[in-house]
Amino acid sequence: MSKRSLLALELILVFVAPPTLIFYGVLPRRPLPYLLVGFLCALVYLWKDRGFDRRTLIRWRGADGRRAVLEACALALGVLGLGVLLEPEKVLLFPQTRPGLFMLVVCLYPLLSAYPQEVIFRPFFFRRYRPLFP
């Protein structure tokens, strides 16, 4: 089996098989442990890759913070408006009924979900599987 074929098989085993098995109930539907294990594996891979600039994991090179905030606010307003149109009785139900849990999610989601996904699906995925997607 060629190196490229093995890499394609790995991609399927890592990025296709687990979500499929979760969907069909073969694996538990608790995504956070899978995400954190994947994040740690991606970090180890990137750390061992001598050609990878590790500073990119903590630096926003070329990021426009003001534009990102404006886009996030526009998106939030759009989602809120859609919620008001489709199910107005449920809009803001989570923060009203469970404010403590809501604040916990707001504070921990970026650290435990968004950033790990960013590492897995950008630097790791594009470095590891570059030979498959020229």
Side-chain angles (χ1 to χ4, degrees):
M1 203 171 213
S2 72
K3 187 176 180 179
R4 186 177 162 101
S5 298
L6 287 173
L7 200 57
L9 178 62
E10 175 189 300
L11 183 136
I12 291 167
L13 290 174
V14 172
F15 288 97
V16 177
T20 304
L21 294 174
I22 291 168
F23 178 80
Y24 286 107
V26 177
L27 293 175
R29 289 183 185 241
R30 295 202 166 109
L32 194 57
Y34 305 117
L35 178 61
L36 295 179
V37 167
F39 174 58
L40 292 175
C41 291
L43 283 179
V44 168
Y45 173 83
L46 293 169
W47 191 261
K48 288 184 172 187
D49 184 345
R50 294 186 186 271
F52 179 69
D53 181 5
R54 297 176 190 140
R55 294 174 295 179
T56 61
L57 293 173
I58 58 172
R59 182 180 60 211
W60 286 14
R61 185 182 328 157
D64 182 356
R66 184 179 311 141
R67 180 176 176 196
V69 168
L70 289 174
E71 287 175 357
C73 288
L75 182 62
L77 287 173
V79 169
L80 182 63
L82 191 60
V84 168
L85 286 173
L86 298 176
E87 301 211 35
E89 67 281 353
K90 292 183 181 178
V91 171
L92 301 178
L93 190 62
F94 183 31
Q96 290 172 353
T97 58
R98 309 276 311 266
L101 181 59
F102 176 75
M103 287 308 298
L104 195 62
V105 168
V106 167
C107 293
L108 293 181
Y109 178 80
L111 297 173
L112 296 179
S113 184
Y115 183 68
Q117 289 178 65
E118 177 71 19
V119 170
I120 292 169
F121 293 108
R122 287 209 191 208
F124 171 74
F125 187 90
F126 288 114
R127 283 190 82 73
R128 179 74 179 153
Y129 301 109
R130 181 178 294 153
L132 298 177
F133 305 103

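Basis for what follows: all heavy atoms, side chains included, without hydrogens, waters or symmetry-related copies. Values in this document were obtained by computation on a predicted structure and should not be read as measured data.
In this structure Arg122 satisfies the salt bridge (charged side-chain N to carboxylate O under 4.0 Å, His left out) test together with Glu118, sequence neighbours excluded. With sequence neighbours excluded, the residues forming a ring pair (Phe, Tyr, Trp, His ring centres under 6.0 Å) with Tyr115 are Phe39, listed by chain and number.
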Side-chain donor-acceptor contacts of residues 80-106 below 3.5 Å, not counting sequence neighbours, with atom names and distances?
unit_1: Glu87; atom_1: OE1; unit_2: Lys90; atom_2: NZ; d: 3.2
unit_1: Thr97; atom_1: OG1; unit_2: Leu93; atom_2: O; d: 2.8

N/O donor to acceptor pairs below 3.5 angstrom from side-chain atoms of residues 44-52, sequence neighbours left out:
unit_1: Asp49; atom_1: OD1; unit_2: Gly51; atom_2: N; d: 3.0
unit_1: Asp49; atom_1: OD2; unit_2: Arg127; atom_2: NE; d: 2.8
unit_1: Asp49; atom_1: OD2; unit_2: Arg127; atom_2: NH2; d: 3.2

Under 3.5 Å, side-chain donor or acceptor atoms of residues 10-25 against the rest of the protein: list the pairs with distances, not counting sequence neighbours.
unit_1: Glu10; atom_1: OE1; unit_2: Arg128; atom_2: NH2; d: 2.6
unit_1: Glu10; atom_1: OE2; unit_2: Arg128; atom_2: NE; d: 2.8
unit_1: Glu10; atom_1: OE2; unit_2: Arg128; atom_2: NH2; d: 3.4
unit_1: Glu10; atom_1: OE2; unit_2: Tyr129; atom_2: OH; d: 2.7
unit_1: Thr20; atom_1: OG1; unit_2: Val16; atom_2: O; d: 2.8

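Among residues at least two apart or in separate chains, there is no salt bridge (charged side-chain N to carboxylate O under 4.0 Å, His left out) pair with a member in residues 17-26. Applying the salt bridge (charged side-chain N to carboxylate O under 4.0 Å, His left out) definition to pairs two or more places apart or across chains, none involves residues 73-85. Applying the salt bridge (charged side-chain N to carboxylate O under 4.0 Å, His left out) definition to pairs two or more places apart or across chains, those involving residues 70-81 are Arg67-Glu71.
A single hydrophobic cluster is not seen to contain both Leu40 and Leu32; linkage of ILVMFWY side chains at heavy-atom distances under 4.5 Å, directly or through other members, places them apart. In the hydrophobic cluster analysis, where Ile, Leu, Val, Met, Phe, Trp and Tyr join through side-chain heavy atoms closer than 4.5 angstrom, Leu132 is grouped together with Phe125. Following chains of ILVMFWY side-chain contacts shorter than 4.5 Å, one cannot reach Tyr34 starting from Ile120, and the two form parts of different hydrophobic clusters. One hydrophobic cluster, built from ILVMFWY side chains closer than 4.5 Å, holds both Leu35 and Leu108. Using a 4.5 Å cut-off between side-chain heavy atoms of Ile, Leu, Val, Met, Phe, Trp and Tyr, with links allowed through other members, Leu77 and Val79 fall into different hydrophobic clusters.
Members clustered with Val37: none, using a 4.5 Å side-chain heavy-atom cutoff among hydrophobic residues. Other residues sharing the hydrophobic cluster of Leu70, ordered by chain and number and joined by side-chain separations under 4.5 Å: none, the residue standing alone.
A donor-acceptor contact shorter than 3.5 Å is absent between the side chain of Ser113 and the backbone of Pro110.
Heavy atoms of other residues, nucleotides or ligands lying less than 6.0 angstrom from CZ of Arg29 number more than 12.
Nearest heavy-atom pair across Leu7 and Pro131 is CD2-CG, 3.9 Å.
Pro116 has its side chain out of reach of Phe121: every pair of non-hydrogen atoms, C-beta onward, lies at least 4.5 Å apart.
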